[in-house]
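To keep things clear, I will list the structure first and then write my remarks on it.
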Amino acid sequence: MKNSPIDSGTTGKFISFEGIDGAGKSTHIGFVTSWLENHGKTVVSSREPGGTAVGEKLRELLLHEKMHLETEALLMFASRREHIAQVIAPALARGDWVLSDRFTDASFAYQGGGRGLDLAKMEALEQWVHPHLQPDLTLLFDVPLDVARARLDATRTLDKFEQEQADFFAACRNEYLRRAAQFPERIVVIDSSQSIDAIRARLTAIVEKLL
Ligand code: TYD
């Protein structure tokens, strides 16, 4: 975490995991968690939307109810505000490592890119909700759209986002990659079409640098 008063004197780090649905990020969060724990770190694993009691209720609404795109963006940031207050900031203040399955880059990708919400509004929300907090590292799992679509488990009921069409995910992916180009010091793009072993080797090399 950068530029935050709670940052001083702590060794905790904040890592977010991003990528379009089906990009494979969930598989790798467990690996990074175990790797860090094996290196003596206390890890707090969480997710967005969600991660708190209020956030999980908002997640239910967000993943299953149709709503105006600005309502959707505001609720994503409402969930995030609660997540920061209840989970992320206290964990970092304790010196723990926080691994979050998605953070604000997902709002840019999905509500900004996918739904087309004005990026200036997204930036205003980001400034409002976490003006001094950014992940120390964001791992962006990137795959071609057809690979991501093929990975979505067809045997379970797809949520509201997963039911979107290919052009929606193409726009999400483009926005993720635009953010990665904008913040190259924070966002690392991982080619998620590689083998799991190759990805794990890359993840280990990247995360090791943060220790
Ligand atoms: P996801 O993280 O993919 O969970 P699961 O692996 O259980 O399906 O689901 C969260 C969905 O919420 C995902 O489709 C992306 C979407 N989302 C947004 O649209 N904006 C956001 O700011 C966040 C955090 C998530």
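Read the numbers this way: they start at 1 and go in the same order the structure lists the ligands and their atoms.
The cationic atom of R80 (NZ for Lys, CZ for Arg) lies less than 6.0 Å from the six-membered ring centre of F77 and within 45° of the ring axis. Judged by the 6.0 Å distance and 45° axis criteria, R102 is not positioned over the aromatic ring of F17. For the pair R186 and F183, the distance from NZ or CZ to the six-membered ring centre is under 6.0 Å and the angle to the ring normal is within 45 degrees.
Among all non-hydrogen protein atoms, the one lying nearest atom 17 (N) of ligand 1 is M76 CE, 3.5 Å. Protein heavy atom closest to atom 6 (O) of ligand 1, with residue, atom name and distance, is S26 OG, 3.8 Å. Summary of contacts: the protein heavy atom closest to atom 20 (N) of ligand 1 is Q111 OE1, 2.8 Å. Nearest non-hydrogen protein atom to atom 14 (O) of ligand 1 is D21 OD2, 2.9 Å. With respect to atom 8 (O) of ligand 1, the closest heavy atom belonging to the protein is E162 OE2, 3.4 Å. Closest protein heavy atom to atom 22 (O) of ligand 1: S107 OG, 2.5 Å.
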**Steps toward side-chain hydrogen bond (donor to acceptor under 3.5 Å, both in side chains) verdict (T138, S16)** = CA-CA 5 Å; T138 295; S16 61; 2.8 Å; yes
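Of the heavy atoms in P49, both backbone and side-chain atoms come closer than 4.0 Å to ligand 1.
Between the choices R47, R59, R102, K25, the shortest heavy-atom distance to atom 5 (P) of ligand 1 belongs to R59.
No hydrogens or angles considered: nothing links the side chains of D105 and Y110 as a donor-acceptor pair under 3.5 Å. No side-chain donor from either of D197 and S195 sits under 3.5 Å from a side-chain acceptor of the other. For the residue pair E175 and Q111, no side-chain donor N or O sits within less than 3.5 Å of a side-chain acceptor on the partner.
Taking every non-hydrogen atom of R80 and a distance limit under 4.0 Å, the qualifying atoms of ligand 1 come out as 22 (O), 24 (C). Atoms of ligand 1 lying under 4.0 Å from at least one heavy atom of E48, given by number and element, are 24 (C).
Residue E72 has no nitrogen or oxygen atom sitting less than 3.5 Å from a nitrogen or oxygen atom of ligand 1, judged on distance alone.
Classification of E123 and R179 as a salt-bridged pair fails, no side-chain N sitting under 4.0 Å from a carboxylate O.
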